[in-house]
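Scroll down for the structure; my scribbles are underneath it.
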Amino acid sequence: MDMLRELNPQQQQAVTAGTGAILVLAGPGSGKTRVLTQRIAYLIGYLGVRPYHVLAVTFTNKAAREMDERIGNLLGERNRGLTLGTFHSICGRILRREAQYLPFDPNYVIFDADDQIRVVKQVVKDLNLNDKLYRPHGIHGSISRAKNELLFPDDFPVQTYRDEVVKRVYERYQKMLLASNALDFDDMLLWTAYLLGQMPAVRERYARRYEHILVDEFQDTNMVQYTLLKHLASFHQNIFVVGDADQSIYRWRGADYRNVLRFEEDYPDSQVILLEQNYRSTQTILDTAMAVIDQNPKRTPKKLFTERGDGRKITLRELYDDREMAAFLVGQIAKDVAAQKNEPGDFAVMYRTNAQSRILEEAFLAAGFPYKLVGAQRFYGRREVKDVIAYLRLVYNPRDEISLMRVINTPRRGIGDKSILTLRTYAGQQNLSPGEIVLQMGLYPDSEHGEALPNRVATSLAGFGRLLSSWHTQKDDLTPMGLMDLILGDIDYRTYLEDGTEEGKERWENVMELRRLASEYENRSLEAFLENIALVSDQDTLDDTGNVPTLLTLHAAKGLEFPVVFIIGLNDGTLPHIRSFEDPEAMHEERRLLYVGITRAEDQLYLLYALNRFNYGYMESADPSRYLEDIPLELVSGAPARQNSNYGAIFRPERWDASEEIESVEQQYHPGMNVNHAAWGDGMVLNSKIEDHEEIVDIFFEDVGLKRVVASLARLEIKP
DNA sequence: ATAAAGTGACTTTTT
DNA sequence: GTCACTTTAT
């Protein structure tokens, strides 16, 4: 095997490992994609496994495409029949094939995040709930979490009154989706897991087929995904997973890196292989990354090393505000490019929140420097794009109520709230969806619906019904682009959009861009087009074309690498994000996020923070990120060399100045400690924090319950 | 039924 | 400071 010679011993071990369960713990830049692709090539090319019997799962389409390409390079045509895709796309395929066993039809549509919120809003309204108290976003989050835990509405645990309400919304939400013949992202996984769990015959069919299962980014799997994999591997038990708990950054989406532990429990004979050699970064960058991540508790320490040498020190820089930060980095990039140190495409700028990209764009624009921004939402979230997609979706699946509501009066055709309410009520009585009523009115001009509805309503609805039915009957004879052209022409969408303003022109251009995307589906179905646009991720929109700097969130940066990386907004409140402050697990994830960012850099790393930042349009002063304090001085260029490096003193001028008057306080109490208080007796520390140079401790006392005390005043005694 | 004006919520990350 | 949603006026 020639190809094996290019691998290090650990990589070789992973690629050629035998059957059974195999867990590869792969540090950043350790060549895990390479191991995965070579493993597949090894299975097919060397062991003679038929591609039909191999399943490889990734999280993004981009990762899937990349693997497909690389396997193609190794195997050529011999990879045909391989199942390779994201969890969602693979589930999507299974669900269309097996819909007969499930409460929806094969031509279901996928509701995106926006659609999902609309449904929740509608339900909240239908149930006469106060949407200030029961905010759709929050409710949706609870529903999504439940689905990730494999809980259907009936299983939804109720402990509080709010749970009770959420449960009712969840029930109705789910009914509404099914009535629309629609699934949300979570459903795609949930229904597949349900199918494989409840139907032994179906499970066995798939489990027998997939002799080998390979999973990328295993640390990002949630409970449903884990269950799914377990079902699929239930016959052959050959499951090869690759992951890195330190790069787990999707907990908020239900991901649970403890699946790694679960894996070792469920497959006691599993082999564990560690990949620690890094082929991406300089040792200085790796040391910086390790200094940050080592502060996280309960992790398997990994010693990342490289043969690349130390390289340059990292650059740490304080800027006055976000604007100056953006200007600094654009200037730095321009300077390096002019000096021919780097090409424009070598640079990446990473940030915690999408909102931070705006000021960067302005700076690049002002400098006349081209850039690219990673983010699908930008395009697919646009009103005009969503409208056109809604038309297509409605034609594909007339029961899609969200799409119907979106387009029924866009452009205006005299169907207002009143008419819609009438239609809805009538549809409910007929046990049909509103879309089906409208479609039938178009299909059969003399249908009884026209009689049953008030005259004015019937006339306007029939008009729209004629359009819908004509598209619906022609859809199978047209390409996705052909259908789109037909619709755009029939509704005169261009005239509607182009109102003479620059914005109107832009909107039409976006529609034309969507048309171009549709044109790539010349030989594929409308179904494929709709599914693909529903499942694109921000990462998927990233192409390596155009030699220009890349702007992206830290989340989107996972799996990528760049010679020069700027991580901006390293301020407390931004990174770590303020919304994580209360939750220790979330704080650990913030740290991992920074770790992911740092380890994207090959040669040079810039860490930038601002003294002031804009918040809700107001300027306020900001603290440097606490994580900066963990980075040893000797890794940083230009920083003063001091013994007992105390970044707090260096980075926070106010503390530096004040340090003589106010003694700094060290945290003495930690959660779990047992303490005694003279008056309240024995108790256990729940939480402790330093605030205004005082340690504030929350203690649960056996006799008096929860109390909050100031450590310096309370004279607590620590007990063993 | 629609357009204009006013209100308030919001910003974490995304398949 | 921005967007989406609601109220108000035509």
Side-chain angles (χ1 to χ4, degrees), chain A residues 57-64 85-92 110-114 116-118 121 125 131-132 135-138 140-141 144 147-148 183-190 217 220-222 224-225 248-255 350-359 374-378 380-383 409-421 456-457 460 499 531-541 552-558 569 573-581 583 586-587 589-590 592-594 596-597 613-619:
Chain A
V57 196
T58 63
F59 271 86
T60 65
N61 297 296
K62 183 166 178 283
T86 64
F87 271 103
H88 288 85
S89 68
I90 288 167
C91 287
I110 300 164
F111 275 4
D112 66 19
D114 187 60
Q116 293 167 32
I117 294 298
R118 278 169 196 268
K121 271 187 192 154
K125 210 165 155 186
D131 62 356
K132 300 259 176 340
R135 295 241 267 293
H137 271 279
H140 177 259
S144 175
K147 288 183 172 183
N148 286 165
L183 305 182
D184 64 20
F185 295 135
D186 302 317
D187 278 339
M188 301 184 75
L189 307 173
L190 181 67
E217 307 280 15
D220 285 336
T221 51
N222 61 30
V224 186
Q225 287 159 335
S248 158
I249 53 173
Y250 287 103
R251 195 182 76 105
W252 49 274
R253 217 169 71 191
M350 302 175 186
Y351 35 83
R352 177 68 239 265
T353 68
N354 272 312
Q356 292 170 269
S357 69
R358 202 196 161 95
I359 202 140
V374 180
Q377 197 44 32
R378 284 263 167 336
Y380 289 104
R382 303 208 51 120
R383 200 189 69 207
N409 201 30
T410 309
R412 307 254 119 85
R413 43 177 80 89
I415 304 175
D417 292 348
K418 200 74 181 288
S419 310
I420 289 170
L421 191 67
R456 278 183 46 181
V457 178
S460 58
D499 51 3
E531 175 152 327
N532 275 301
I533 53 186
L535 295 178
V536 280
S537 70
D538 277 0
Q539 269 192 30
D540 298 331
T541 65
L552 75 181
T553 62
L554 286 162
H555 281 89
K558 196 168 64 159
T574 306
L575 183 66
H577 196 272
I578 191 161
R579 298 267 292 238
S580 302
F581 280 7
D583 179 352
M587 284 301 272
E589 185 149 312
E590 295 289 311
R592 293 196 289 267
L593 203 45
L594 176 57
V596 166
R613 83 180 133 202
F614 268 107
N615 213 10
Y616 292 101
Y618 295 100
M619 189 70 107

Item to complete: Could you check A:Thr553 against A:Arg352 for side chain to side chain donor-acceptor pair (under 3.5 Å), going step by step and ending with a plain yes or no?
Response: CA-CA 6 Å; A:Thr553 62; A:Arg352 177 68 239 265; over 6 Å; no
Practice prompt. Let me know, please, whether A:Arg413 or A:Leu535 comes out on the 5' side of the other along DNA chain B by nearest nucleotide.
Written response: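 Going by which nucleotide is closer to the 5' end, it is A:Arg413.
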Just the rounded figure in Å: distance from [atom2] of [N] to [atom1] of [X].
{"X": "A:His140", "N": "B:dT14", "atom1": "NE2", "atom2": "P", "result": "15 Å"}
{"X": "A:Arg253", "N": "B:dT13", "atom1": "CZ", "atom2": "P", "result": "13 Å"}
{"X": "A:Arg118", "N": "C:dA4", "atom1": "CZ", "atom2": "P", "result": "9 Å"}
{"X": "A:Asp184", "N": "B:dT14", "atom1": "CG", "atom2": "P", "result": "18 Å"}
{"X": "A:Leu554", "N": "B:dT14", "atom1": "CG", "atom2": "P", "result": "10 Å"}
{"X": "A:Asn61", "N": "B:dT14", "atom1": "CG", "atom2": "C1'", "result": "12 Å"}
{"X": "A:Asp417", "N": "C:dC5", "atom1": "CG", "atom2": "P", "result": "13 Å"}
{"X": "A:Lys125", "N": "C:dT6", "atom1": "NZ", "atom2": "C1'", "result": "10 Å"}

Have a look at [X] and say if it touches a base, only the backbone sugar-phosphate, or nothing, with a 4.0 Å heavy-atom cut-off.
{"X": "A:Asn409", "result": "sugar-phosphate"}
{"X": "A:Ser419", "result": "sugar-phosphate"}
{"X": "A:Arg592", "result": "nothing"}
{"X": "A:Phe87", "result": "nothing"}
{"X": "A:Lys121", "result": "sugar-phosphate"}

Could you check whether any side-chain N or O of [X] sits under 3.5 Å from a backbone N or O of [Y], counting only pairs where one atom can act as donor and the other as acceptor?
{"X": "A:Asn222", "Y": "A:Gln225", "value": "yes"}
{"X": "A:Glu589", "Y": "A:Arg251", "value": "yes"}
{"X": "A:Arg592", "Y": "A:Ile249", "value": "no"}
{"X": "A:Asn409", "Y": "A:Gly414", "value": "yes"}

Item to complete: May I ask you to evaluate whether A:Arg383 reaches the phosphate of C:dA4, defined as a side-chain N or O under 4.0 Å from OP1 or OP2?
Response: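 Checking C:dA4 against A:Arg383, no side-chain N or O comes under 4.0 Å of OP1 or OP2.
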Practice prompt. For A:Asp186, enumerate each residue passing the salt bridge (Lys or Arg N to Asp or Glu O under 4.0 Å) test, keeping only those at least two apart in sequence or located in another chain.
Written response: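 With sequence neighbours excluded, A:Asp186 shows a salt bridge (Lys or Arg N to Asp or Glu O under 4.0 Å) to no residue whatsoever.
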Worksheet item: Judged by modelled atom types alone, do A:Arg613 and A:Thr574 share a side-chain donor-acceptor pair under 3.5 Å?
Response: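 A:Arg613 vs A:Thr574: donor-acceptor pair found between side chains.
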Identify the pairs formed between an N or O of the protein and an N or O of nucleotides 3-12 of chain B at a distance under 3.5 Å, and give each distance.
{"from": "B:dA3", "atom 1": "OP2", "to": "A:Arg412", "atom 2": "NH1", "distance (Å)": "2.7"}
{"from": "B:dC10", "atom 1": "OP1", "to": "A:Arg135", "atom 2": "NE", "distance (Å)": "2.1"}
{"from": "B:dC10", "atom 1": "OP1", "to": "A:Arg135", "atom 2": "NH2", "distance (Å)": "2.4"}
{"from": "B:dC10", "atom 1": "OP2", "to": "A:Arg135", "atom 2": "NH2", "distance (Å)": "3.4"}
{"from": "B:dT12", "atom 1": "OP1", "to": "A:Arg579", "atom 2": "NH1", "distance (Å)": "2.4"}
{"from": "B:dT12", "atom 1": "OP2", "to": "A:Arg579", "atom 2": "NE", "distance (Å)": "3.3"}
{"from": "B:dT12", "atom 1": "O2", "to": "A:Arg352", "atom 2": "NH1", "distance (Å)": "2.7"}
{"from": "B:dT12", "atom 1": "O2", "to": "A:Arg352", "atom 2": "NH2", "distance (Å)": "2.1"}

Fill in: Pairwise C1' distance for C:dC5 and B:dT12, with rounding to whole Å
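Nearest-Å result for C:dC5 against B:dT12 at atom C1': 23 Å.
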